[in-house]
Student: 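Have a look at this one before I ask anything.
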Amino acid sequence: GPATVTPSAGLAIHGLTLPSGTLAMGALALNVSGDWVRTGGSATSTGTVTFNGTVAQAFNPAGSTLQNVTINNTGPATVTLGGALDANGTLTLTSGTLAAGVNGVNVGGDLVRTGGALTFTTGTLTFDGTVAQAFNPAGSTLYDLVINNTGPATVTASNILTIRNLTLTSGTLAMGVNALNVSGDWVRTGGSATSTGTVTFNGTAAQAFNPAGSTLQNVTINATGPVTLGGALDANGTLTLTAGTLAAGANGVNVGGDFV
């Protein structure tokens, strides 16, 4: 049956093909300058996997257990996912684009961006660590975001965040003064969000918004369809109605600043 192949030193290779068995890297570095093709089998790594090509690369992480992943394609070109990526540690973007498409990306540590980008078409970015996490969404095109830090601990954004749906299941999304723009639903089953800046709802269809447990400063409604509250809203700063309707229903709305 399939068995494990364990290198005794780090690998710097062009293409990696996994038809059967497991490539067990341990803490050793794995650098891939070409495609990562998986038809069966898997790879495991407690170290760092780096994509460092100069032209477009394909990467199918299905079945693999990875810790840290670095995108450093210096073309710069695109590294395209062919399956869901679960990085139990840090996802680092230094050059090139990690194109997730419809695939999910789970990050158990930090999402560090010094260059490059992460893009989705309809996929979901999930932060599922157990200790504090940080992420820099600058330059990236995100779709849906899930905060599921089971510490529970804080997931801190260091830049403006523009997304479709926000789902809070555990932990806290800490925006600080950075703007948070939501064009879909804000779903909360647990956890919370904090913001000392402005949260804007700017969808083109009906939106749901459950602010229960969250600490918000300024809230702006600039939507086409109604934004319907699923819990009490406490805006410590300004509540701004630009377009659309904030449908409070039976929920209370507290405003600490101006109602514009």
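These values consider heavy atoms only, across backbone and side chains, with no hydrogens, waters or symmetry-generated copies.
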Student: Do V219 and V187 belong to the same hydrophobic cluster, where Ile, Leu, Val, Met, Phe, Trp and Tyr are linked whenever their side-chain heavy atoms lie under 4.5 Å apart, directly or via other members?
Tutor: no
Student: Can you find a pair of side-chain heavy atoms, one from L173 and one from F127, that are under 4.5 Å apart?
Tutor: no
Student: Sequence neighbours left out, what passes salt bridge (charged side-chain N to carboxylate O under 4.0 Å, His left out) with R113? Give chain and number order.
Tutor: none
Student: Would you mind reporting whether I147 and L145 have side-chain heavy atoms less than 4.5 Å apart?
Tutor: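 In short, these two side chains touch, coming nearer than 4.5 Å.
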Student: Under 3.5 Å, is there a donor-acceptor pair between the side chain of N149 and the main chain of G151?
Tutor: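 Pair found, side chain donor or acceptor close to backbone of G151.
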Student: Any side-chain heavy atom of T22 within less than 4.5 Å of one from V5?
Tutor: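 T22 vs V5: side chains apart.
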Student: Does A27 offer a backbone N or O that forms a donor-acceptor pair with the side chain of T46 under 3.5 Å?
Tutor: yes
Student: Distance-only, no hydrogens or angles: does the N218 side chain make a donor-acceptor pair with backbone N or O of A235 under 3.5 Å?
Tutor: no
Student: In chain order, what residues pass the side chain to side chain donor-acceptor pair (under 3.5 Å) check against N103, with sequence neighbours excluded?
Tutor: none
Student: So which atom in D35 and which in V32 form the shortest heavy-atom distance, rounded to 0.1 Å?
Tutor: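 That would be O-CG1, 4.1 Å.
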Student: What do the steps show when you test L233 against L216 for side-chain contact (heavy atoms from CB on, under 4.5 Å), and what is the final call?
Tutor: CA-CA 9 Å; L233 171 61; L216 307 179; 4.2 Å; yes
Student: Could you tell me if T242 and N222 have a donor-acceptor pair between their side chains, going purely by distance under 3.5 Å?
Tutor: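 No, T242 and N222 have no side-chain donor paired with an acceptor closer than 3.5 Å.
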Student: Checking the side chain of S195 only, and the main-chain atoms of G197 only, is there a donor and an acceptor separated by less than 3.5 Å?
Tutor: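 Checked: pair present.
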Student: Please tell me if the side chains of L246 and F201 come closer than 4.5 Å, counting only heavy atoms from C-beta onward.
Tutor: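 No, their side chains stay 4.5 Å or more apart.
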Student: Looking only at atom types and distance, does a side-chain atom of S140 sit under 3.5 Å from a main-chain N or O of A117, one as donor and one as acceptor?
Tutor: no
Student: Will you find, in the side chains of N52 and S33, an N or O donor that is under 3.5 Å from an N or O acceptor?
Tutor: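 Side-chain D/A pair, N52 to S33: absent.
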Student: Do you know the tightest heavy-atom contact between A100 and L118?
Tutor: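 Nearest heavy atoms, A100 then L118: CB-CD1, 4.5 Å.
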Student: Between S64 and L18, which heavy-atom pair has the shortest distance, and what is it?
Tutor: OG-CD1, 4.4 Å
Student: Using the side chain to side chain donor-acceptor pair (under 3.5 Å) criterion, which residues pair with Q57? Sequence neighbours excluded.
Tutor: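 Partners of Q57 under the side chain to side chain donor-acceptor pair (under 3.5 Å) test: N73.
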Student: Quickly, which of N148, N106, N88 forms a side chain to side chain donor-acceptor pair (under 3.5 Å) with D128? Name it, please.
Tutor: N106
Student: Evaluate the side-chain proximity of L81 to L98: yes if any heavy-atom separation is below 4.5 Å, no if none is.
Tutor: yes
Student: Measure the spacing between CG of L239 and CZ of F259 and express it to the nearest 0.5 Å.
Tutor: 5.0 Å
Student: Which atom pair, heavy atoms only, marks the closest approach of A132 to A153?
Tutor: N-CB, 3.5 Å
Student: Decide whether T78 and T97 meet the rule of one side-chain donor and one side-chain acceptor closer than 3.5 Å.
Tutor: no
Student: At their closest point, which heavy atom of P152 faces which heavy atom of S170, and how far apart are they?
Tutor: CB-OG, 3.7 Å
Student: So, do T70 and V49 sit near enough that their side-chain heavy atoms are less than 4.5 Å apart?
Tutor: no
Student: So which atom in I221 and which in V227 form the shortest heavy-atom distance, rounded to 0.1 Å?
Tutor: CG2-CG2, 4.0 Å
Student: Just wondering, are more than 12 heavy atoms of other shown residues or ligands nearer than 6.0 Å to CD1 in I160?
Tutor: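 No, CD1 of I160 has 12 or fewer neighbouring heavy atoms, counting only those of other groups under 6.0 Å.
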Student: Could you check whether any side-chain heavy atom of V105 comes within less than 4.5 Å of a side-chain heavy atom of D86, counting everything from C-beta outward?
Tutor: no
Student: Less than 4.5 Å apart, side chain to side chain, heavy atoms only: is that true for D144 and I163?
Tutor: no
Student: May I have the step-by-step check of side-chain hydrogen bond (donor to acceptor under 3.5 Å, both in side chains) for T94 and T114, ending in yes or no?
Tutor: CA-CA 5 Å; T94 57; T114 57; 5.2 Å; no
Student: Test your reading of the model: is there a side-chain donor-acceptor pair from N60 to the backbone of A62, 3.5 Å cut-off?
Tutor: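 Checked: pair present.
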